[in-house]
Amino acid sequence: MVEGIVYILTNKKNSVLYTGVTSNLHERVKKHRDKTYDNSFTKRYNADKLVWFERQLTMGEAIKREKQIKGGSRQKKLDLINSVNPNWDDLYYTVD
């Protein structure tokens with residue numbers, strides 16, 4: 001069974017939010033930082049600061065959670081981030 005991880009990225013001004021899902025968070029965020037994905041939202045808006053993530057037991061559960069978060073309001077996303085990362089620190093270097 002492959003673990004899934006849901007994550008939220010923002011830019012330096014914390015003005016945009018991007019929600020994604022992956023099985024390898026460190027590698028995925030590195031690709032966002034390296035601007036690997038042409039014509040992507042994260043490249044266009046420089047969203048490469050990891051401010052929130054949540055591990056799920058399976059990729060299916062992670063995808064379900066991603067859809068739930070994406071379907072919620074911006075305020076719900078802000079509340080989610082603030083509940084675990086009130087200073088909006090970049091968590092990239094804390095990912096193992």
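- At a threshold of 4.5 Å between side-chain heavy atoms, the hydrophobic network of Ile, Leu, Val, Met, Phe, Trp and Tyr places Val29 and Val6 in two separate groups.
- Between the CG atom in Asn24 and the NZ atom in Lys30 there is a gap of 11.5 Å [rounded to 0.5 Å].
- Panel note: side chain Thr10, backbone Val16; a donor-acceptor pair is recorded below 3.5 Å.
- Panel note: side chain Lys12, backbone Asn46; no donor-acceptor pair is recorded below 3.5 Å.
- We find the CD1-OG1 distance between Ile69 and Thr19 to be 6.0 Å, quoted to the nearest 0.5 Å.
- Taking every heavy atom of both residues into account, Arg65 and Gln56 meet most closely at CG-NE2, 4.0 Å.
- Tested against Asp48 for a salt bridge (charged side-chain N to carboxylate O under 4.0 Å, His left out), the candidates Lys43, Arg33, Lys35, Arg28 yield a single pass: Lys35.
- Distance check, rounded to the nearest 0.5 Å: CG of Leu91 to CG of Asn85 gives 4.5 Å.
- The aromatic rings of Tyr92 and His26 lie parallel to each other, with less than 30° between the two planes, well short of the 60° mark.
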Inset, instruction - Just do the side chain to side chain contact (heavy atoms under 4.5 Å, CB included) check on His32 and Leu50 with the steps written out, would you? - result: CA-CA 10 Å; His32 287 299; Leu50 179 65; over 6 Å; no
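- Rounded to the nearest 0.5 Å, atoms CD (Gln68) and NZ (Lys64) are 8.0 Å apart.
- Note on Leu80 and Val51: same hydrophobic cluster, where clusters join Ile, Leu, Val, Met, Phe, Trp and Tyr whose side-chain heavy atoms are under 4.5 Å apart, directly or indirectly.
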Inset, instruction - Give the C-alpha distance, both sets of side-chain angles, the deciding distance and a yes or no for side chain to side chain contact (heavy atoms under 4.5 Å, CB included) between Leu17 and Arg74. - result: CA-CA 8 Å; Leu17 298 175; Arg74 178 178 177 83; 3.6 Å; yes
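- Separation of atoms CD1 (Ile8) and CD (Glu66) is listed at 10.0 Å; rounding is to 0.5 Å.
- In this structure, the separation between CD on Glu61 and CD on Glu54 is 10.5 Å, given to the nearest 0.5 Å.
- Here the closest heavy-atom approach between residue Lys70 and residue Lys77 is recorded as O-NZ, 3.7 Å.
- Leu78 and Val84 fall within a single hydrophobic cluster, where Ile, Leu, Val, Met, Phe, Trp and Tyr side chains are chained together by heavy-atom contacts under 4.5 Å.
- Both Ile5 and Tyr93 belong to a single network of hydrophobic side chains, linked directly or stepwise wherever heavy atoms of I, L, V, M, F, W or Y lie under 4.5 Å apart.
- Both Val95 and Tyr7 sit in one connected hydrophobic cluster of ILVMFWY residues. Membership requires side-chain heavy atoms under 4.5 Å apart, directly or through other members.
- The minimum heavy-atom distance between Ala62 and Val21, with the atom names listed, is CB-CG2, 3.5 Å.
- Using the six-membered ring where Trp is involved, Tyr18 and Phe41 have ring planes that are parallel, under 30° apart on the 30 and 60° scheme.
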